Amino acid sequence: MDIKDLLIKDAMIMDLQATTKKAAIDEMVQKMYDAGRISDIDVYKEGILNREAQTSTGLGDGIAMPHAKNSAVKEATVLFAKSKNGVDYESLDGQPTYLFFMIAAPEGANDTHLQALAALSRLLIDPDFVAKLKTAETPDQVQATFEAAEKAKEAEEKAKAEEKIKDTNRQYIVAVTACPTGIAHTYMAEDALKKKAKEMGVDIKVETNGSEGIKHRLTDEDISRAAGVIVAADKKVEMNRFNGKELVNRPVSDGIRKPEELINLALSGTAPVYHGNGEEASSEEEKSDNGTLGQRIYKDLMNGVSHMLPFVIGGGIMIALSFMIDQFMGVPHSELANLGNYNQVASWFNQIGGAAFGFMLPVLAGFIASSIADRPGLIAGFAAGALANAGGAGFLGALIGGFLAGYVIIFLKKLFKNLPKSLEGIKAILFYPFFGLMITGFLMLLVNVPMKAINDGLNGFLTGLSGSNAILLGALLGGMMAIDLGGPINKAAYVFGTATLASSVAQGGSIVMAAVMAGGMVPPLAIFVATRLFKNKFEKSQVDAGLTNIVMGLSFVTEGAIPFAAADPIRVIPSFVVGSALAGGLVGAVGIKLLAPHGGIFVVLLLSHPLLYLFFIAIGAIVSGVIYGLVKKPVAQ
């Protein structure tokens, strides 16, 4: 968008008289009305004030961009105003404001005001451009300054495009990043790969398989053009599209910590060539490229966990809310066993949550099986999870059932490999579902017997968890959450915590889950503490990152601490483990229970002792933060 087309001479104030924010808004809105750009002063001004109530549009560096989009605007306009002495506009940097750009957009203007804001922001980054505006004395000079700046920007973009066309030798690769929860690791690996590729002069496109689905999906053209492929993932991603390409397959943590190594390997010409035939690996070479046996098992497990978590989180919180509603509305002591179903509203929440929660084990087993054997594994896996649930084998039974179902389908694929071509089409719709279900089902009936005994014993232990057992288990799981910050050990502790929820809802929640979440919240909060108390030991960018970590910590996103841990693991990780284990142990000692599997501070009311819980987390964060700050070397060293 050309800003000069929206800047009109009649809507410019070259000598703003106001000295306060209110007076400046009044003066500019009146000018808009006098210029015939708005039809109603009050309506338009209300839009401006509503926007200012959210946060000041005084951006700092002497610039403000108040804006509104409503029915009072006749035509999209940018009013320019200049104050010689400056206005106290409550800017974000606390300094006076000298240049104002009041943006008015009609109600049906397809985000004209947002486009104008974006275009203005790009221009106002240039200090020379801002300096010229400050010295402009007439509306003609203002328009000429904008016109010259936009022409210069167009010329620069054209030169860049031509340069890119000339640079035909620039290397190009593609990548896919994915982690089980899809909250942090996925996007941190994306950023790390993009940043390192830019430093190395390599073009890269990164597809993310996160919690919001697939973003920046790789096209056939992208893959065909690429010299190599990087898959940094801890869960199953679509692989057959890379058939015939040199492919580097690593855990998502390598994408964060070793981006240069992955990029160099993808470009080296020595990476294994991926072979796929639409269903399964067609060569030992591909299987070895999928990683070690342990890595493949972990990836299969995490594929099940990542698909299970939304059911656990959504269903678990709904069930927890049903308990809260009943407690709030009142339940006779004689009906406490019916808590969550006593009042009608609570019963609705419980039914909805229970429906989602009931899918937990079938989804876990089904997607473990599909990771191993692709789509044919789904039915056998779902059935294995359902049988584990019905037979009392619980989470551990479903986990074993998922792997069992997957490898039963792999066995059937090998068994039916040499069928006549006329029967090829019937394998997937008849042979795999029927024989897979039959074999897996009968095996699960056998597996359920010992697994039910183990599950009952574990549930009995967790139900009676108290004293030294609770302290030790809470400290162990809390510490595990901090060891690799979202890696396999962290995920193992978290999955164990969520698994305890199914059997602890009736008891008011899980001590294990409470300890796990407390341990996971400590590391990012410890970063915040350390960067506040020991500023001289951190670079400015790290101090700024400390502020974002308080949000991530309170939201139970442990991965926010990864950049600090990756830069100095010897000092950082032990500091985190101490505080996380302390918080988890304190939670276990008091027996605090949690009904929700995720959410951090947003589900604090679903805790049995919310204030005490937050206090324990604060203790852990302070201890970790102080230890980290004391052992860390100053920036200069």
Side-chain angles (χ1 to χ4, degrees), residues 180 235-236 280 293-309 311-312 315 354 356-416 430-463 488 491-506 510 512 597:
K235 70 172 187 176
K236 188 176 180 66
E280 56 187 305
L293 176 62
Q295 289 173 334
R296 294 201 300 273
I297 290 174
Y298 175 71
K299 186 174 288 189
D300 296 336
L301 172 61
M302 288 300 106
N303 190 61
V305 170
S306 67
H307 285 88
M308 174 192 77
L309 284 180
F311 292 90
V312 179
F357 217 62
F359 284 105
M360 179 178 81
L361 299 185
V363 168
L364 171 69
F367 282 95
I368 289 175
S370 73
S371 179
I372 297 169
D374 293 311
R375 190 177 300 174
L378 271 176
I379 179 177
F382 270 102
L387 287 168
N389 193 25
F395 180 85
L396 294 176
L399 190 151
I400 292 174
F403 283 99
L404 193 64
Y407 287 110
V408 164
I409 298 298
I410 291 293
F411 165 73
L412 292 175
K413 286 184 176 183
K414 293 184 181 298
L415 183 65
F416 297 131
L430 177 60
F431 293 166
Y432 294 156
F434 173 70
F435 289 107
L437 179 62
M438 182 176 68
I439 296 171
T440 302
F442 280 110
L443 288 174
M444 279 303 298
L445 293 178
L446 297 175
V447 168
N448 277 351
V449 176
M451 292 312 302
K452 182 180 186 302
I454 294 172
N455 189 55
D456 289 345
L458 179 60
N459 288 339
F461 168 73
L462 293 173
T463 301
K491 287 293 185 291
Y494 179 68
V495 169
F496 181 68
T498 58
T500 65
L501 277 177
S503 60
S504 61
V505 169
S510 166
V512 173

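In this text, all values refer to a predicted model and were calculated from it rather than measured experimentally.
- Side-chain contact between L364 and V305 is present, with heavy atoms from C-beta onward closer than 4.5 Å.
- For the pair I379 and P376, the tightest heavy-atom approach, listed with the atom from each and the gap, is CG2-O, 3.9 Å.
- F435 contributes atom CZ, which lies 11.0 Å from atom CD1 of I409 (distance to the nearest 0.5 angstrom).
- Rounding to the nearest 0.5 Å gives a distance of 8.0 Å between CZ of F496 and CG of L396.
- Proximity of a side-chain donor or acceptor of N455 to a complementary backbone N or O of G392 within less than 3.5 Å is detected.
- Side chains of T498 and M308 form a contact here, defined as non-hydrogen atoms less than 4.5 Å apart.
- Residues passing the side chain to side chain contact (heavy atoms under 4.5 Å, CB included) test with A383, sequence neighbours excluded: L437.
- Residue F403 qualifies as enclosed at atom CZ: its count of foreign heavy atoms under 6.0 Å is above 12.
- Judged as a side chain to side chain donor-acceptor pair (under 3.5 Å), and not counting sequence neighbours, the contacts of S371 are D300.
- Taking both residues in full, the closest heavy atoms of F395 and L361 are given as CA-CD2, 3.7 Å, listed atom of the first, atom of the second, then distance.
- Residue G366 comes nearest to L378 through the heavy atom pair O-CD2, 3.6 Å, listed as atom of the first residue, atom of the second, then distance.
- The nearest pair of heavy atoms linking M444 to G397 is CE-O, 3.8 Å.
- For the pair I372 and I410, the minimum side-chain heavy-atom distance is below 4.5 Å.
- Minimum interatomic distance between A365 and A398 (heavy atoms only, all atoms of both residues): CB-O, 3.4 Å.
- A369 approaches G377 most closely through the heavy-atom pair CB-O, 3.2 Å.
- Contact annotation: the side chain of L399 never approaches that of V495 to less than 4.5 Å [non-hydrogen atoms, C-beta and beyond].
- Taking the six-membered ring for Trp and thresholds of 30 and 60 degrees, H307 and F367 have nearly parallel ring planes, at less than 30 degrees apart.
- Residue pairs meeting the side-chain hydrogen bond (donor to acceptor under 3.5 Å, both in side chains) criterion with at least one member in residues 435-452, sequence neighbours excluded, are K452-D456.
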